[in-house]
Amino acid sequence: METRTLSGRHHFETLAGCTGTMTTGPALAPAERDRISTRVSIALLGVRSDAPVRRTGGAGPSDDGHFVINGDGAAIPLNPDSPYVVSPSGRLTLDGADLGFDVSPVSRPRFYDLATADGVAYDKIAKLHGNNVLATTVVQTCVRYDESERCRFCAIEASLQTGSTIAVKTPAMLAEVAEAAVRLDGVTHMVMTTGTSNGWDRGAKHLTRCVKAVKKAVPSLEIQVQCEPPADLRAITDLYEAGARSIGIHVESMDDEVRRRWMPGKSRVSMDEYRAAWREAVRVFGWNQVSTYLIVGMGEDPDDLVEGARELIEMGVYPFVVPFRPLKGTLATDVDKVPAPHRGVLNRVTAQVAALLQAAGMRGEDQRAGCAACGACSVLKTAGA
Ligand code: SF4
């Protein structure tokens, strides 16, 4: 069914045959299917619970509390109206029925209580994601943040405006925070993303300096970098040589029409440039150490999305499938009022992409660091990929 958002942009909220159950995914045991379906539902509807570690803005599509669910990190919306409740004994319930999931909110990490010598709180420099990932946006501004250019799902400068972060994290600051997060809170990997700069490197140069400094301070910490395709692909080798071992080059949708509508600025980086950057990244970082986000719920035909994922997998790139989530501070939510996708669509796409990943022997947890390794924002890990 095609619907129209308030801004006149249209998207496909539901599709024939998407009834909320997995209609065209691979054959699964009923218990397995229920488990994935429940994980999809809480990814979209959220849970009623407190979460001391949460994210309320920033780059990319997330506004969640961080939990450990059956041993895996999970980023789940906090929703006081959700029918899913985390019981005092740490079980996921629906109408009082136990759904078979252990859920524990991630505790506030100790490094959040520290500050640099000149008074910058560590939690303004980097945040804990899941229970073992340190995440930072090294430059919190983006050359594409003008309203006519901005990605409609992104709130990178919103957290800057509320004072919950600082505009530029220096290599020295990141090294200091990373050392403390490893020592005090057992962080095992780190994600460094960046707003896009005006230069040929599109932000990769500062990332390279930050990676070098963190690796020097904490050699054991695995790092994923995330950036747009640099105009000069040499920057990809520079990031690897600095010490990063995984890289995310995020396209969000491979459909040019969707890209123009949702990412007016970024869509001028052509799909050819993305493909060249992914190929070079696989050459440098290796098979299954490269990933990209694909967002379900931006109006792309789900079958096209799955075909895009197939192409990525054949290239050695992990398609990190996540649902679009409403997020205050974004144009998609504040202006367009775009809802989360229908759970049947997310269920089906997740199952189909998970089956392709399994057939290729590609697992997110085999990435050395980053979002695919963490898996908290996607249901792919629950689906066995
Ligand atoms: S998947 Fe990525 S963005 Fe989501 S919690 Fe993990 S590291 Fe953070």
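Whatever order the structure lists them in is the order used to number ligands and atoms, beginning at 1. For the single chain, residues carry numbers from 1 onward in sequence order. Worth knowing before you read on, the calculation uses all heavy atoms, side chains too, and leaves out hydrogens, waters and symmetry mates.
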(request) Verify, without hydrogens or angle tests, whether Lys215 (side chain) and Leu221 (backbone) share a donor-acceptor contact under 3.5 angstrom. (result) yes
(message) So does Val85 get a backbone contact from the side chain of Thr93, meaning a donor-acceptor N/O pair under 3.5 Å?
(response) yes
(message) I need the atoms of ligand 1 closer than 4.0 Å to a non-hydrogen atom of Tyr293, numbered in the order shown.
(response) 2 (Fe), 3 (S)
(message) Within the structure provided, determine whether Cys142 and Glu149 are in side-chain contact (heavy-atom separation under 4.5 Å).
(response) no
(message) Suppose I only count heavy atoms of Phe320 and a 4.0 Å limit; which atoms of ligand 1 are within that range?
(response) 1 (S)
(request) Just jot down the ligand 1 atoms closer than 4.0 angstrom to any heavy atom of His66, in number order. (result) 5 (S)
(message) Show me which atoms of ligand 1 lie under 4.0 Å from any heavy atom of Cys377.
(response) 1 (S), 3 (S), 4 (Fe), 5 (S)
(message) Counting backbone and side-chain atoms alike, is an N, O or S atom of His129 positioned under 2.8 Å from atom 4 (Fe) of ligand 1?
(response) no
(message) Can you tell whether the side chains of Arg234 and Glu241 come within less than 4.0 Å, N to carboxylate O?
(response) yes
(message) I'd like to check which ligand 1 atoms, numbered from 1 as shown, lie under 4.0 Å from a non-hydrogen atom of Cys371.
(response) 1 (S), 2 (Fe), 3 (S), 7 (S)
(request) Output the list of atoms in ligand 1 that are nearer than 4.0 Å to some heavy atom of Cys374, sorted by atom number. (result) 1 (S), 5 (S), 6 (Fe), 7 (S)
(request) Kindly confirm or rule out a cation-pi arrangement of Arg245 over Tyr240, judged by NZ or CZ under 6.0 Å from the six-membered ring centre and within 45° of its axis? (result) yes
(request) Calculate, to the nearest 0.5 Å, the distance between atoms CZ and SG belonging to Arg202 and Cys227 respectively. (result) 10.0 Å
